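Report on one structure; see the data block that follows.
Numbers restart at 1 for each chain; the letters A, B, ... are given by sequence-line order, proteins then strands. Owing to the predicted nature of the structure, the values given are computational and were not obtained by experimental measurement.
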2 protein chains.
Amino acid sequence: MELRHLRYFQAVAEELSFSRAARRLRIAQPALSRAVQEMERELGAQLIERERRSPRLTPAGAVLLHETGLILERLDDALRRVRRTAKGEEGELRLGYIGPPTRMFLSRLLKEYGKRYPRVTVILEERTPERVWEMVSKGRLSIGLTRPVLAHEVLGLQTLLLREEKFCAAVPKDHPWARLTSLPWKKLAGEPLIILARREGAGSHDAIQSGCQTAGFAPRVKHTPSLIGTILQYVEAGTGIGIVPESTTSKHLALIPLKPQQTIPLVMVWAKEGDDPAVLAFRDLVKEWLKAGELWG
Amino acid sequence: MELRHLRYFQAVAEELSFSRAARRLRIAQPALSRAVQEMERELGAQLIERERRSPRLTPAGAVLLHETGLILERLDDALRRVRRTAKGEEGELRLGYIGPPTRMFLSRLLKEYGKRYPRVTVILEERTPERVWEMVSKGRLSIGLTRPVLAHEVLGLQTLLLREEKFCAAVPKDHPWARLTSLPWKKLAGEPLIILARREGAGSHDAIQSGCQTAGFAPRVKHTPSLIGTILQYVEAGTGIGIVPESTTSKHLALIPLKPQQTIPLVMVWAKEGDDPAVLAFRDLVKEWLKAGELWG
DNA sequence: AGCCATTATACCGAACCGGCATCAAAGCCA
DNA sequence: TGGCTTTGATGCCGGTTCGGTATAATGGCT
């Protein structure tokens, strides 16, 4: 199946006539007949009924016509955007991020960015920390907001530290610990813990493990859901104690910083050789806000 | 530009290597180089930087990769749907309609239809009455809900009368006429009238003209907006008297039927030779509701 | 510096695409 | 009803193009 087939089919389906469509496409009619036949063979479906004088669309043909229109239109639009991007007339910023720790500033940041650079289309992709790294290094994302991962200086990637976050214990508001201003790790020994699944953030998971080890005990992990929100649900249900970064927010729970401080960084990451002005501008905006302390309010 | 180019580019951009991509595509590497070069020439834009050992995407290339993924995915999906439609495993109902007079029943009707035939995808297209006819006759729509137009039996189209609507004068609730239960056309002589633009519904427009002519005067038309809603706005602002079909609803206005009755039909229209089960089912549902009086509540 | 891997170029054969000529079928008209 | 016209399908041919092999050029790595 090639675009040629789609374009030819579209012409025939719109004109409801092979010969008229052929004239419109400036090719001979037999070529059209053959192209449509090829499509029908490949799809194993009749697209056009030709019994009568003027052909009619089958239901399948009607579906295809509709989709074809959208696809060709979309392609046209895409190629136009590519050309304009190459000329620097517009840009695209593909931003990958991890949800919870960016919630505090991301929407504000994007609003400001959109105001300053209205011709840049922003594409958001929420992924796991590792996936963000991988996609940035492959050029699928232009910028990532994520956790550091094990071996990352390897590839031509650069990073900027946005914040060091402390870990907190999350407990119900009526829990005996709820009023504490800090909590030693060793108090968690034996408690049922709820922490993020390792595949959703190896850094976070491992930092917690190491916090416990330093305090001299092995954590009793009860659940490892994939979303921070799910951790909070478990805690609210009284299933155990959640361990979350301090940027987490919750109405019904108390967050108590753990001591000694075990932190996990939030970083911005990008490809070293990026000369995309849209990306440069975003990096600069983040640096500006970081200096002014506006990122964290 | 052909799909081949898009597929090839996608492979290269994903692998970030011509030779690896070539292996994945089971073609030789030079063919790939050529195909990408062709694209770059056609677009007048560099997509991939090849200076270093491993190629990198330019901003334009990144935009194209993103769009390519969506387009190819969409195409895949479309072909799958076409195949399934041909086998009768799923269906598509492309329904064209005019907004205001269908508002009373359309959402209820579609809900019921969706419940009875969950495998049918419904595609809605709101258009002008003429456009609905045209699209049905060309097979772009499977069913139309619209006004009759001048010469329509010509094509192989069939119709079903859903309703004869009277015309009403729309006035503010505090207007002297607001309490009347009917209003003779001739009272409108000299009044500033607000009626729908002719291109949005020649039938409606002409029926109003003929109502005035029969009453022996030429209407003083003040505005002809393209939307019924706009007519209501004008009337609320005290700009004049609106003429609308009785199916119009408004909180702030009074609608007074005009006498002698000048009516405009609402019809369902479809292609005579339609054997699409999804369309058949819809027609039957409408007939059923029409008989039971459920269409108009 | 030399080797290896990767991409670009040159050339060639084969496949494919489109054009022409022709055929079969269906409407249109007298 | 029978010829005329129009439309889509089929067969065949020539030219373009697509992909493969061989090879050159380039850059990274040891």
May I have the distance from [X] (atom [atom1]) to [N] (atom [atom2]), rounded to whole angstrom?
{"X": "B:Glu38", "N": "D:dT17", "atom1": "CD", "atom2": "C1'", "value": "9 Å"}
{"X": "B:Gln46", "N": "C:dA8", "atom1": "CD", "atom2": "P", "value": "10 Å"}
{"X": "B:Gln29", "N": "C:dA10", "atom1": "CD", "atom2": "C1'", "value": "13 Å"}
{"X": "B:Leu32", "N": "D:dT21", "atom1": "CG", "atom2": "C1'", "value": "16 Å"}
{"X": "B:Leu16", "N": "C:dA5", "atom1": "CG", "atom2": "C1'", "value": "16 Å"}
{"X": "A:Glu49", "N": "C:dA26", "atom1": "CD", "atom2": "C1'", "value": "15 Å"}
{"X": "A:Arg26", "N": "C:dG19", "atom1": "CZ", "atom2": "P", "value": "12 Å"}
{"X": "A:Phe18", "N": "C:dG19", "atom1": "CZ", "atom2": "P", "value": "16 Å"}

Open item on the list: Base, sugar-phosphate or nothing for A:Pro55? Non-hydrogen atoms, less than 4.0 Å.
Closed with: sugar-phosphate
- [ ] For A:Glu2, answer base if it contacts any base atom (sugar-phosphate contacts may also be present), sugar-phosphate if it contacts only those atoms, and nothing otherwise; contact means non-hydrogen atoms under 4.0 Å.
- [x] nothing
TODO: Check step by step if salt bridge (charged side-chain N to carboxylate O under 4.0 Å, His left out) holds for A:Arg140 and A:Glu125.
DONE: CA-CA 10 Å; A:Arg140 306 288 288 268; A:Glu125 311 255 17; over 6 Å; no
Lys/Arg-Asp/Glu bridge criterion (N-O < 4.0 Å) met for [X], [Y]:
{"X": "B:Glu90", "Y": "B:Arg81", "value": "yes"}
{"X": "A:Glu2", "Y": "B:Arg7", "value": "yes"}
{"X": "A:Asp77", "Y": "A:Arg74", "value": "no"}
{"X": "A:Glu40", "Y": "A:Arg34", "value": "no"}
{"X": "B:Arg41", "Y": "B:Glu38", "value": "no"}

[X] side chain, from C-beta outward: closest of [options]:
{"X": "B:Gln37", "options": "C:dT7, C:dA8, D:dC18", "value": "C:dA8"}
{"X": "B:Arg23", "options": "C:dT6, D:dG19, D:dG8", "value": "C:dT6"}
{"X": "B:Ser33", "options": "C:dA21, D:dG8, C:dA8", "value": "C:dA8"}
{"X": "B:Pro30", "options": "D:dG8, C:dT9, C:dC17", "value": "C:dT9"}
{"X": "A:Ala28", "options": "D:dG19, C:dT7, C:dG19", "value": "C:dG19"}
{"X": "A:Arg50", "options": "D:dA9, C:dT7, D:dC18", "value": "D:dA9"}
{"X": "A:Ile27", "options": "D:dA22, C:dG19, C:dA21", "value": "C:dG19"}
{"X": "B:Ala31", "options": "C:dC17, D:dG20, C:dG18", "value": "D:dG20"}
{"X": "B:Arg34", "options": "D:dC12, D:dC18, C:dA8", "value": "D:dC18"}

- [ ] Give a yes/no on whether any side-chain N or O of A:Arg4 is located under 4.0 angstrom from OP1 or OP2 of C:dG18.
- [x] yes
TODO: Report yes if a side-chain nitrogen or oxygen of A:Tyr8 is closer than 4.0 Å to either non-bridging phosphate oxygen (OP1 or OP2) of C:dC17; otherwise report no.
DONE: no
